[in-house]
Structure formats: structure tokens, C-alpha cells
Amino acid sequence: MKNYIIALDQGTTSSRAIVFNKKHEVVASAHSEFLQIYPKPGWVEHDPSDLWASQSGVLNEVIAKAGISPKEIDSIAITNQRETTIVWDKITGKPIYNAIVWQCRRTQALCQELIEAGHGDYIKEATGLVVDAYFSATKIKWILDNVEGAQAKADKGELMFGTVDTWLIYKLTGGKVFATDYTNASRTMLFDIKNLRWDKKLLDIFNIPQSMLPKVLNSSDFYGEVNISGQLIPICAVIGDQQAALFGHTCFKAGSVKSTYGTGGFLLMNTKDKLVKSKHGLLSTISVSIDDKVEYAIEGSIFNAGSTIQWLRDELRLFSEADDTEYFSSKVSDNGGVYLVPAFTGLGAPYWDMDARGTIVGLTRGSNKNHLIRAGLESIAYQSYDILKAMENDSKLKISSIKVDGGASANNFLMQFQADILNTEIHKAKVLESSALGACFLAGLYTKFFDSKESLEKMSTVTKVYYPQMQKGDRKQYLKQWHKAVSRSLNWLE
Ligand code: ADP
């Protein structure tokens with residue numbers, strides 16, 4: 001009877017709903033884009049009612065598309081863009097300001113003040129994060145400081161804060177449930193990821209009353225019920241999108257990694273019950289929690305991955321479709337000594353140099369467009385290599401496998417080169433919606449729709465494996481030249 005799980009994937013640019021069956025197959029999907037609001041340079045907002053309307057719209061649409069009855073739905077799972085901050089009125093249920101999106105840089109100066117006041121080490125120790133405008137804490141503070149009367153209301157216990165998961169749970173349950181999961185809590189910069197509680201000292205620093213904060217539950221847990229055409233369907237999973245992808249790829253072992261090749265690159269390594277503190281500027285974060293057991297991951301991101309390809313396409317006009325880069329780069333037998341370091345916005349982990357700028361080195365009179373395109377693709381693989389090596393060094397774990405997704409993972413040249421440079425197999429999953437699938441797994445484990453993690457692992461299907469083929473000497477040479485190229489890009493602005 002209960003044959004399906006619906007995963008809601010509330011992303012940065014669109015809301016998606018996907019119906020999965022017991023065989024992990026996508027039965028139907030629906031998606032809807034919503035407005036991006038840019039009030040000032042560097043500021044990004046969403047209208048919370050758009051997030052809700054688009055998400056509930058695609059939920060209804062996907063049920064109709066799949067042609068299923070609500071009675072057949074086992075449960076609902078939620079995965080979401082992380083860190084994005086919504087504050088709403090406890091009495092009216094209405095947001096007091098737009099959602100401040102993770103990308104928004106408006107609180108950069110506030111972060112600088114926190115660092116100057118010497119809070120950086122404490123924040124890193126308690127939350128696993130580096131002080132940055134990316135995370136929710138300074139966004140909440142901004143709302144409390146800038147919306148008239150907000151701080152006074154918060155102090156009276158009349159405001160609620162949530163990341164997008166919390167907002168959706170609240171709306172889906174008709175305002176009955178105010179909760180989040182450990183993975184989302186771990187991205188707020190307010191949560192003590194070791195002792196698993198909201199951190200009192202940080203709440204004091206930001207002047208955020210505890211009454212504003214949701215209850216924190218397991219990622220696989222009961223989050224209340226949704227009424228769909230008179231049928232009450234339980235919400236049984238909530239998890240941040242990057243962690244959900246790690247789970248969806250069945251990266252269950254210590255040392256397993258997922259790498260998303262999108263506009264940027266997002267890499268997570270499972271470290272199981274070990275909370276690893278990075279020496280290379282990677283983040284420590286909660287990866288999942290099931291049955292009151294929390295697991296951890298280290299996370300690193302690449303600022304410019306697929307966007308390097310967009311730059312070669314839109315600014316240099318070397319090709320018209322990103323897909324064509326595979327063809328052009330295979331027309332040359334190697335990179336001809338050309339290296340492109342896409343430090344357009346500085347370099348993140350493990351270099352952390354905001355004064356670095358992009359550079360192309362090694363040009364000769366024989367260098368051509370194909371070499372340059374190839375150098376662009378290679379740069380994505382090298383940057384991933386640098387993060388993955390930092391992860392290995394931090395965690396003392398050997399990378400056991402890499403599961404990939406994201407737009408640029410469609411590029412066979414890039415994936416083969418990645419396998420070669422890392423000397424590790426790369427596995428591409430059948431279901432590309434890895435975040436939605438991860439959330440679906442967690443709901444299904446809770447309701448016993450799925451038997452066990454082991455059974456999920458056994459059934460998970462890989463469409464393509466890239467095996468390393470490069471000679472050791474060649475690999476060493478490529479990496480040596482890449483690191484030399486990086487050194488030329490560092491500290492450029494000084
Ligand atoms: P996001 O979710 O960040 O918007 P996607 O996962 O949709 O990103 O991937 C889009 C990115 O991938 C773009 O930056 C695009 O340039 C790049 N991309 C898409 N297809 C290819 C390809 N075949 N080869 C290389 N890059 C690609």
C-alpha cells in the first residue's frame with residue numbers, strides 16, 4: 001500500500017519534489033523556480049512565501065504527475081539549501097523580513113568585528129566553522145538589529161528563527177511543529193556540534209534569545225504530519241542538501257567522499273563518529289544523525305568550478321556550449337604546459353588567499369584554444385585534488401571512494417582526469433538527484449520502508465566508473481606544475 005516516498009528539495013534557485021519507489025527509482029518529479037532578490041550588490045534574498053508557495057505547489061504537482069493516491073505515500077522527506085535565514089512572528093506566523101540567503105555578504109563587516117574581538121577560535125572550537133557571513137548567526141543578528149522592534153520582540157519570546165527546513169516544517173504542519181535537524185543546526189554558527197546543544201555563549205555574543213530557536217531532532221525522525229487531501233502523511237527526514245547528497249551516494253564508510261561539480265565545487269568526507277578539526281581551513285560539520293547517533297564530516301568548497309567553464313564560454317567565447325569542452329580538450333594529447341588558476345574571487349581551502357587572482361601560465365607560441373579549454377577543465381580537477389588531500393591529511397583517513405554529481409560531472413574528460421590525478425576510482429551514480437535520494441533514504445529508514453543502510457548500499461547503482469590510468473610520473477609532473485601555477489596567482493593584489 002505505502003509504495004512511495006516524496007522528497008522535497010528546496011534549493012537556492014528552485015523548489016523540487018520527487019517521488020521515489022522502493023527500488024530508489026524516480027517515479028515523477030516537478031520543479032519550480034522562484035525569484036532571486038538582489039537589493040544591493042552582494043546582497044541576496046528570497047521571499048519566504050515564494051519558498052513555501054513553490055514548494056507546496058510542486059508537492060501537489062508531483063502527486064498528480066505520478067498518478068498516485070495520498071494513501072500510497074509512506075512519508076515525506078525534506079532536504080534544503082543550508083544557512084539561509086528566516087525570522088517570523090510567533091503569533092501571526094508571518095516573516096518579519098525576507099529570507100537572507102547563504103550567498104548574501106551583507107554581514108561581512110560584522111564577521112570582521114567578531115574576528116577582531118577574538119571570537120574566532122571559540123567559534124571554530126564550538127561550531128566547527130570559520131567566522132563567515134555564509135552562516136546563519138550574523139544574518140539573524142542583522143535582522144534583529146535592522147528590523148524595527150525586532151530585538152524587543154525577540155526578547156519577549158515573540159519571534160522564531162529557522163533555516164529553510166524549519167520554515168517548511170512549520171508551514172507543512174500548519175504551525176504545529178518548530179524543529180530542525182542536527183545537520184542544519186550545525187550550519188547556523190550557533191550550535192555546539194560536540195555537546196549537541198545551542199551554544200549559550202554564542203547566543204549571548206549575538207544577543208539571540210534561546211526561545212527563538214527550534215528544537216533539534218535526528219535527520220531521520222518524526223517531524224509531524226502533513227494533511228494532503230485528508231490523508232495525514234508523516235515527515236520523517238530533514239537534512240541539509242550537501243549532507244543529504246553524501247548520504248544519497250551511500251557514502252557510509254569513514255573516508256568516503258562525495259564531490260559535487262556545479263558552479264562551485266562542494267566536497268564532503270565522512271569521518272563517522274570522529275569530529276575532525278581541520279588544519280587547512282576545512283569545516284567540520286554534522287553529516288547525519290540516526291537513532292540519536294551523530295556522525296561528522298569535513299567539508300571543503302571550491303569557489304570556481306563550473307563557473308570557470310562559464311567564463312571561458314561567456315567572456316572568452318571559446319565555445320558555445322559547456323558540453324563542447326569535452327570535444328575540444330580531447331583534440332590535444334596534453335595541456336601543452338598551459339595552466340589556468342581560476343582565482344577570480346581569491347582562493348579558498350587549502351590556500352585561503354583572498355588576494356589571489358586568476359592567472360594563465362605556461363603559454364607558448366604553439367598554445368591554442370584547445371589547450372586553454374583543457375586547462376580550464378583540469379583546474380577543476382586540481383582544485384578538488386587539493387581539497388581532498390587536505391581532507392586526508394586532516395582526518396588521517398585514506399579516501400576510499402569518490403561519488404560525483406553536479407552539471408560538470410557529465411564531462412567524461414574531466415571525470416577521467418580527476419580519477420587520474422587522484423589515482424582513485426570515480427563513481428557516477430544513476431540517480432542524479434542525490435540530495436533528494438539521501439533524504440528519501442533517511443525517511444525510509446525511519447518508517448522501515450527500507451530495511452537498513454546495508455540494503456541501501458547493495459541496491460545503489462553506479463552508471464559509470466572512471467579508473468585511474470595515468471602513469472605516476474605524469475601525475476607528479478602535472479601536480480608540480482599546477483602548484484607552481486597556484487604560487488604565481490597568490491597574493492596578487494598586494
Ligand atoms: P548549480 O547547481 O551550481 O547551478 P549545476 O550542477 O547545474 O550547477 O552545473 C552547472 C555548471 O556546470 C555550470 O557552471 C556549467 O558551466 C558546468 N557544466 C555543465 N555541463 C558541463 C560539461 N559538460 N562540462 C563542463 N562543465 C559543465
Side-chain angles (χ1 to χ4, degrees), residues 9-16 18 29 31-36 38 44 46 79-84 101-103 134 164 240-246 248-249 258-268 299-332 335 340 342 344-345 348 358 369-384 402-419 421 426 428-429 431-438 463-464 466:
D9 181 357
Q10 206 304 302
T12 311
T13 54
S14 75
S15 296
R16 290 197 282 260
I18 297 166
S29 68
H31 84 282
S32 163
E33 293 194 2
F34 49 81
L35 187 70
Q36 305 291 317
Y38 305 109
V44 191
H46 294 151
T79 180
N80 57 288
Q81 54 165 318
R82 308 173 303 170
E83 299 102 8
T84 296
V101 179
W102 58 273
Q103 296 154 319
Y134 186 11
V164 171
D241 55 7
Q242 299 306 323
Q243 286 94 329
L246 189 71
H249 279 302
K258 80 94 193 171
S259 179
T260 299
Y261 297 85
T263 311
F266 294 92
L267 297 101
L268 265 82
E299 176 172 332
S301 32
I302 299 168
F303 299 156
N304 290 289
S307 56
T308 310
I309 304 307
Q310 287 168 318
W311 179 73
L312 291 170
R313 184 192 62 194
D314 302 340
E315 258 56 53
L316 300 196
R317 299 185 182 275
L318 297 185
F319 47 87
S320 53
E321 301 286 340
D323 289 353
D324 298 340
T325 55
E326 188 175 324
Y327 166 76
F328 288 120
S329 49
S330 63
K331 285 195 5 182
V332 281
N335 63 15
L340 189 168
F344 303 124
T345 47
K369 153 179 157 173
N370 300 330
H371 292 120
L372 200 51
I373 293 171
R374 182 168 167 142
L377 288 171
E378 286 186 2
S379 77
I380 302 174
Y382 296 131
Q383 292 183 92
S384 307
I402 299 178
K403 305 281 182 71
V404 298
D405 58 32
S409 71
N411 191 304
N412 291 302
F413 168 80
L414 172 59
M415 292 299 106
Q416 183 57 49
F417 192 77
Q418 186 73 84
I421 279 298
I426 304 280
K428 194 143 76 188
V431 175
L432 292 176
E433 302 277 3
S434 43
S435 294
L437 186 61
T463 45
K464 193 152 188 179
Y466 298 86

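Every number for a ligand or one of its atoms is a count from 1 in the order of the listing.
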Novice: Only one of Thr260, Thr79, Asp405, Asp9 forms a side chain to side chain donor-acceptor pair (under 3.5 Å) with Ser434, so which one is it?
Specialist: Asp405
Novice: Looking only at protein heavy atoms, which one is nearest to atom 3 (O) of ligand 1, and what is the separation?
Specialist: Thr263 OG1, 2.7 Å
Novice: Please classify the Ala305 to ligand 1 contact at 4.0 Å (heavy-atom distances, strictly less than): side chain, backbone, both or neither.
Specialist: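 No part of Ala305 comes within reach of ligand 1.
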Novice: Hey, can you tell me if Tyr382 and Phe417 have their rings parallel, tilted or perpendicular (30° and 60° cut-offs)?
Specialist: perpendicular
Novice: I'd like to check which ligand 1 atoms, numbered from 1 as shown, lie under 4.0 Å from a non-hydrogen atom of Ala408.
Specialist: 12 (O), 18 (N), 21 (C), 25 (C), 26 (N), 27 (C)
Novice: Using the ring pair (Phe, Tyr, Trp, His ring centres under 6.0 Å) criterion, which residues pair with Phe34? Sequence neighbours excluded.
Specialist: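 Partners of Phe34 by the ring pair (Phe, Tyr, Trp, His ring centres under 6.0 Å) criterion, ordered by chain and then number, come out as His46.
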Novice: At what distance is the nearest protein heavy atom to atom 24 (N) of ligand 1, and which residue and atom is it?
Specialist: Asn411 ND2, 3.0 Å
Novice: Would Glu326 count as a contact residue for ligand 1, given that I'm defining contact as a non-hydrogen atom of the residue lying under 4.0 Å from a ligand atom?
Specialist: no
Novice: Measure the spacing between CG of Leu414 and CD1 of Ile309 and express it to the nearest 0.5 Å.
Specialist: 7.5 Å
Novice: Which value, rounded to the nearest 0.5 Å, describes the distance between Gln36 atom CD and Thr12 atom OG1?
Specialist: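 So the CD of Gln36 and the OG1 of Thr12 are separated by 7.5 Å.
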Novice: Would you check whether Ala410 has a nitrogen or oxygen atom less than 3.5 angstrom from a nitrogen or oxygen atom of ligand 1?
Specialist: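 So ligand 1 has no N or O lying under 3.5 Å from an N or O of Ala410.
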Novice: In terms of atom number and element, which parts of ligand 1 are under 4.0 angstrom from non-hydrogen atoms of Ser307?
Specialist: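 Near Ser307, meaning under 4.0 Å from one of its heavy atoms, ligand 1 has 14 (O).
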Novice: Which part of Thr325 is near ligand 1, with near meaning a heavy atom under 4.0 Å away: side chain, backbone, both or neither?
Specialist: side chain
Novice: Working to the nearest 0.5 angstrom, can you tell me the gap between Asp324 CG and Glu321 CD?
Specialist: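 Nearest 0.5 Å value for the CG-CD distance: 6.0 Å.
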Novice: For Trp102 and Phe266, take the angle between the two ring planes, folded into 0 to 90°, and tell me which bin it lands in: parallel under 30, tilted 30 to 60, perpendicular over 60.
Specialist: perpendicular
Novice: Please enumerate all residues that pass side-chain hydrogen bond (donor to acceptor under 3.5 Å, both in side chains) together with Asp241, with sequence neighbours excluded.
Specialist: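 Counting only residues at least two positions away or on another chain, Asp241 forms no side-chain hydrogen bond (donor to acceptor under 3.5 Å, both in side chains).
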Novice: Could an N or O of ligand 1 be found under 3.5 Å from any N or O of Gly306, whether backbone or side chain?
Specialist: yes
Novice: To the nearest 0.5 Å, how far apart are OH in Tyr261 and CE in Met415?
Specialist: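 That separation rounds to 4.5 Å.
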Novice: List the closest protein heavy-atom neighbour of atom 20 (N) of ligand 1: residue, atom name, distance to the nearest 0.1 Å.
Specialist: Gly407 O, 3.4 Å
Novice: Heavy-atom distance to atom 23 (N) of ligand 1: which of Thr13, Asp323, Thr12 wins?
Specialist: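 Closest candidate by heavy-atom distance is Asp323.
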Novice: For atom 22 (C) of ligand 1, what's the nearest protein heavy-atom neighbour? Residue, atom name and distance, please.
Specialist: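 Looking only at protein heavy atoms, the one closest to atom 22 (C) of ligand 1 is Ala322 O, 3.7 Å.
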Novice: If the cut-off is 4.0 Å to any non-hydrogen atom of Gly406, which atoms of ligand 1 fall inside it?
Specialist: 6 (O)
